Amino acid sequence: MDSKKIIKIVIAIIILILIIVGIFVTRKYIIINQIIGRYTEIEKLDNYSLVVKQNENDQQTTIEYQRKDNKISVKIGEKMLWYDESTNENITYSPENSEATVSTGKSDLSIVENFTKPFKTENTFLNKLKVAITSSISSDEINGEKCYVLAGPIISTKCYYRIEDKTILRFTNNNEKNVCDYEWNFNQVSDEDVARPNLAGYNVTNN
């Protein structure tokens, strides 16, 4: 076989490999774009609740988040947080010891965001393309729900997204020593669920 034919075959193989890689990266990019789109969609909703059950090193923590009409109620273990986005009124309180702090200012809800967005990247083409190139996507099933499994460059970090609507259902890392399971409900939060807490009988500190 002459050298020209060999070169043509090599070039054809390279082109075929590039096409296959391009198809896989494009598929992953589309899925990642849909996941980020779902994040953005949920952020714009104003009536939903979320329960995150975190099991880390056999210790369980439950986070309950409810939102309606710009009012937010969060429960982390025995600690409670209530926040009104319209007035920036914050109340942190503990029914266990009847202590409460009332303040004004934008509430720090980063702990909730970190749970709801374990995978985060800027919503730009280059950033999403980088994730598509460096991450792997497979399929699995969680509690009867078919999911995409997004694994980052560190293989022990995995995010499970429901295939149907790309809502996150599970996050794991450290070889599943830290597992977070998610329960979502939409349009079921009542006014009572997010009502300003009654602080009668509490030792209240105003900041």
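Keep in mind that this is a model prediction, so the values were computed, not measured. Residue numbers count from 1 along this sequence.
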Hey, is CD on Q60 packed in by over 12 heavy atoms from elsewhere, all under 6.0 Å?
yes
Could you walk me through whether S94 and K79 satisfy the side-chain contact (heavy atoms from CB on, under 4.5 Å) test, starting with their C-alpha distance in whole Å, then the side-chain angles of each, then the deciding distance to 0.1 Å, before giving a yes or no?
CA-CA 5 Å; S94 173; K79 296 180 180 180; 5.6 Å; no
Let me confirm one number: the CD-OG1 distance from E56 to T172, rounded to the nearest 0.5 Å.
12.0 Å
Shared hydrophobic cluster for I17 and V25 (ILVMFWY, side-chain gaps under 4.5 Å)
yes
Full working for ring-ring contact (aromatic ring centres under 6.0 Å, His included) between Y182 and F171
CA-CA 9 Å; Y182 299 76; F171 166 76; 8.0 Å; no
Would you indicate whether the side-chain heavy atoms of E41 and R38 approach each other to under 4.5 Å?
yes
Could you state the interatomic distance from NZ (K75) to CD (Q66), rounded to the nearest 0.5 Å?
10.5 Å
Would you find more than 12 non-hydrogen atoms of other residues, nucleotides or ligands less than 6.0 Å from N143 atom CG?
no
Pairwise side-chain contact, N97 with E78, heavy-atom cut-off 4.5 Å (strictly under)
no
So if you build clusters from Ile, Leu, Val, Met, Phe, Trp, Tyr with side-chain heavy-atom gaps below 4.5 Å, do I7 and L16 land together?
no
Return the OG1 to CD1 distance between T26 and I30, rounded to the nearest 0.5 Å.
6.5 Å
Taking side chain to side chain contact (heavy atoms under 4.5 Å, CB included) as the test, write out the residues that go with K71, two or more places apart.
W82, D84, V194
What's the shortest heavy-atom distance between I168 and C159, and which atoms?
CD1-CB, 4.4 Å
With heavy-atom distances below 4.5 Å as the criterion, would you say the side chains of L50 and I63 are in contact?
no
Kindly indicate whether the side chain of Y148, heavy atoms from C-beta on, has any atom under 4.5 Å from the side chain of I35.
no
Heavy atoms of T104 and N90 approach each other most closely as C-ND2, 4.4 Å
Checking the side chain of N47 only, and the main-chain atoms of V189 only, is there a donor and an acceptor separated by less than 3.5 Å?
yes
Please round to the nearest 0.5 Å and tell me the distance separating atom CG of N55 and atom CG of D181.
9.0 Å
Residue pair R67, E85: steps toward the salt bridge (Lys or Arg N to Asp or Glu O under 4.0 Å) verdict:
CA-CA 10 Å; R67 177 187 181 95; E85 288 183 330; 2.6 Å; yes
Assess whether atom CZ of F186 is packed by more than 12 heavy atoms of other residues, nucleotides or ligands within 6.0 Å.
yes
Taking the side chain as every heavy atom from C-beta outward, state whether V51 and S49 have any atom pair closer than 4.5 Å.
no
Using the ring centroid of each side chain, check whether Y65 and Y48 are separated by less than 6.0 Å.
yes
Within this structure, what is the SG-CZ distance for the pair C180 and R170, rounded to the nearest 0.5 Å?
10.0 Å
Flag the pair Y93 / V204 as yes when at least one side-chain heavy-atom distance between them is below 4.5 Å, and no otherwise.
no
Are the side chain of K28 and the backbone of S135 linked by a donor-acceptor contact shorter than 3.5 Å?
yes
Pair W184-I42, side-chain contact (heavy atoms from CB on, under 4.5 Å): steps then yes or no
CA-CA 11 Å; W184 297 85; I42 290 175; 4.0 Å; yes
Under 3.5 Å, is there a donor-acceptor pair between the side chain of D140 and the main chain of C147?
no
Determine, stepwise, if the pair Y83 / N88 fulfils side-chain contact (heavy atoms from CB on, under 4.5 Å).
CA-CA 7 Å; Y83 177 52; N88 278 337; 2.6 Å; yes
Can V102 and E89 be said to form a side-chain contact (heavy atoms from CB on, under 4.5 Å), step by step?
CA-CA 7 Å; V102 180; E89 182 183 19; 3.8 Å; yes
Report yes or no: do Y160 and V179 belong to one cluster of Ile/Leu/Val/Met/Phe/Trp/Tyr joined by side chain heavy-atom distances under 4.5 Å?
no
Hey, does the side chain of N178 reach the backbone of Q54 with a donor-acceptor pair shorter than 3.5 angstrom?
no
Closest heavy-atom pair, A100 versus Y202, reported as atoms and distance to 0.1 Å, is CB-CD2, 3.9 Å
Do I72 and I76 sit in one hydrophobic cluster, given that two such residues count as connected whenever their side-chain heavy atoms are within less than 4.5 Å of each other, even indirectly?
yes
Kindly compute the distance separating CD (E141) from CZ (R162), expressed to the nearest 0.5 Å.
13.0 Å
When K68 is tested against each of D191, D193, N187 for side-chain hydrogen bond (donor to acceptor under 3.5 Å, both in side chains), which residue passes?
D191
Any link between V21 and F125 through a network of hydrophobic side chains (Ile, Leu, Val, Met, Phe, Trp, Tyr) touching at under 4.5 Å?
yes
